[in-house]
There are 2 protein chains.
Amino acid sequence: MHRSGFRSADLNAILAAARVTKGALYYHFDNKEALGYAVVDEVLASISREKWVWPLQNAKNPIDALVGIVQGTSCRREDLECGCSLNNLSQEMSPLNEGFRRRTAKLFKDWHDAIAVALRQGQKLGLVRSDVDAGETATFLIAAYEGFISLAKNSQDVRVLQAGQKSVLRLLESLRGRRGLTKGRRVKAG
Amino acid sequence: MHRSGFRSADLNAILAAARVTKGALYYHFDNKEALGYAVVDEVLASISREKWVWPLQNAKNPIDALVGIVQGTSCRREDLECGCSLNNLSQEMSPLNEGFRRRTAKLFKDWHDAIAVALRQGQKLGLVRSDVDAGETATFLIAAYEGFISLAKNSQDVRVLQAGQKSVLRLLESLRGRRGLTKGRRVKAG
DNA sequence: GAAGATGCATACTGGTTGGTATGTTACAGG
DNA sequence: CCTGTAACATACCAACCAGTATGCATCTTC
C-alpha cells in the first residue's frame, strides 16, 4: 500500500504477505476501503504520534525537539524510495474519496497543532521568536518537510533529502528566541 | 489522469472523452505507458516551460518574476482539487517505473535550474542577496511550493493555498538584495 | 486503375482482482 | 454430549480494462 498506493495495492498479495486468508480479512472488514481507513486511523496515526506529537509534548525546548525529529528522519535508500505514507495516501485519495480525505486531513491537523502548540509554549518561555505566527510556521514546516521528501522520492537520491534536512534545520534555527540562543549556537538570521 | 493517477486512469474513458477510438490510439502509441510518457514529455513539460522557465528567462528582476508566478497560481477550487499534475505523476510512479521517474525528474531539474540561474543572475545585479545559495534556495522554493499545494489539495480549502502563497511570498521578499529594496518595499527579515 | 500502404474503427479476449458463497474448525454454554 | 456461534478457510464469480485481431475506408504510387 505504501509503494503501490491504495487502489493499486493487490489485496491477494497483501493477504499472502500477511499470511492471512481472504475469509479472515472479510470477517473483520466490510471491504478494502474499510481496511484502508483502519490503516490511516491506527497505523499512520500512531506513527505520527510517536514521531512528532509525543516528542513535542514532552520537550523542554520545541526547537530542539523539532531539530531532533528532523535529524532523526531516515535517509536510507529504502525509506526514501516510497516517500511519506501519509502524504502518499492523502495525495492519491483526497480527490476521490471523502473518507480518506477527512482521515488524512485529521492527521495533518493533529501534526500541525502539535507543532503550533509547542511553538507558542516556546514563545512564552522566550525560546522561540515572538514575531512569528506559530500556526503559519507550523504549516510552513510541514509543507517544506513533505515537499523535500517528495523531491527526494522522485530523485531517488539521498543527497536531496540530506540537503532538505539542512534547509529545514536552518529554518528551525532562525526561529530561536533570545533565550534560545545559548552556548555558542550560531544562527544565520540571528 | 490528473484526478485518478496514471494507473487508475481508464483508457476507455479517456478515449471516449477525447472522442478517439482505441484503434487510433494504438496506431500512434505502443501502450498506455508510452501515452503516459508523452503526456510528461509534451504536456507537462510545456506547462512548466510556459509558467516558470520562460517568465524567468525573460525577467529583469527574478524576485519580481517569482512573485508574479506564485501570485498567478490559481486558487480556484477545481484547480486546487487535484493538485499539481507533475507532482502527482512523480509521486505515484517514481517507485514503480523508472521511465516515469526519469522524465518527471528531468522536469523538476529544468524547473530548479531555471530558478537557480535567474537567482544567480539577480545576485550579480544586486537584486538578490549574495549570501544565499541559489541552488539550495531553488530547491527550497520548489519543495515549499509543492508542499503547500499538497496540503491544500488534502484540505480542499482555498484558504490553505492562499496562506501558503503568503508564506512563499514572504520567503521571496526575504531574498531581495540591496538594489532590490526600492520604492517603499517592506521586507520582514531585511 | 491496380496494388500496396496509411490511418483509422469495432468487436473481442484474457488476465487481474475485489468481493461472495459455502464449507469447516474450535470452543463455549447448557 | 449437543447446539450454536465465532472465527476462520477455500473455491468461485463477475466486472473491469489493457491490449489485439480483424475489417475497412482513403490515399499514394507506378
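In what follows, chains carry the letters A, B, and so on, assigned in the order in which the sequence lines appear, proteins first and then strands, with residues in each chain numbered from 1. Excluded from the calculations below are hydrogen atoms, water molecules and symmetry mates; all remaining heavy atoms, backbone and side chain alike, are included.
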Protein-nucleotide distance (B:Leu15, atom CG; D:dA18, atom P), rounded to Å = 9 Å
Passing candidate, side chain to side chain contact (heavy atoms under 4.5 Å, CB included) with A:Asn87, options A:Glu92, A:Lys153, A:Glu146 | A:Glu146
Roughly, in whole Å, what's the span from CE in A:Met1 to C1' in C:dG18?
-> 13 Å
Rounded to whole Å, the CG-C1' distance (B:Leu25 to D:dG19) equals 10 Å
Nearest whole angstrom, please: distance from the C1' of D:dC17 to the CG of B:Leu35.
-> 15 Å
Between CZ of A:Phe29 and C1' of C:dG18 the distance, given in whole Å, is 15 Å
Atom-to-atom span, CG of A:Leu11 to P of D:dA14 - whole angstrom = 20 Å
First of A:Gly23 and A:Ala9 reached from the 5' end of DNA chain C, by closest nucleotide = A:Ala9
Respond yes when some side-chain nitrogen or oxygen of B:His28 is under 4.0 Å from OP1 or OP2 of C:dC8, and no when none is.
-> yes
So does B:Tyr27 get a side-chain nitrogen or oxygen closer than 4.0 Å to the phosphate oxygens (OP1/OP2) of C:dG7?
-> yes
Decide whether B:Ser155 and A:Lys109 meet the rule of one side-chain donor and one side-chain acceptor closer than 3.5 Å.
-> no
What about A:Lys22, does its side chain sit under 3.5 Å from the base of C:dG19 through a donor-acceptor pair?
-> yes
A:Lys32 to A:Phe6 six-membered ring, cation-pi geometry met (6.0 Å, 45°) = yes
Between A:Asp10 and A:Asp30, whichever has its closest DNA chain C nucleotide further toward 5' is A:Asp10
Among C:dT10, D:dC8, D:dC17, which nucleotide sits nearest the side chain of A:Thr21?
-> D:dC8
Distance, rounded to the nearest Å, where A:Asn12 contributes CG and C:dT17 contributes P = 7 Å
Aromatic ring pairing B:Phe140/A:Phe140, orientation class (parallel under 30°, perpendicular over 60°, tilted between) | perpendicular
Starting at CZ of A:Arg7 and ending at C1' of D:dC17, how long is that distance when rounded to a whole Å?
-> 15 Å
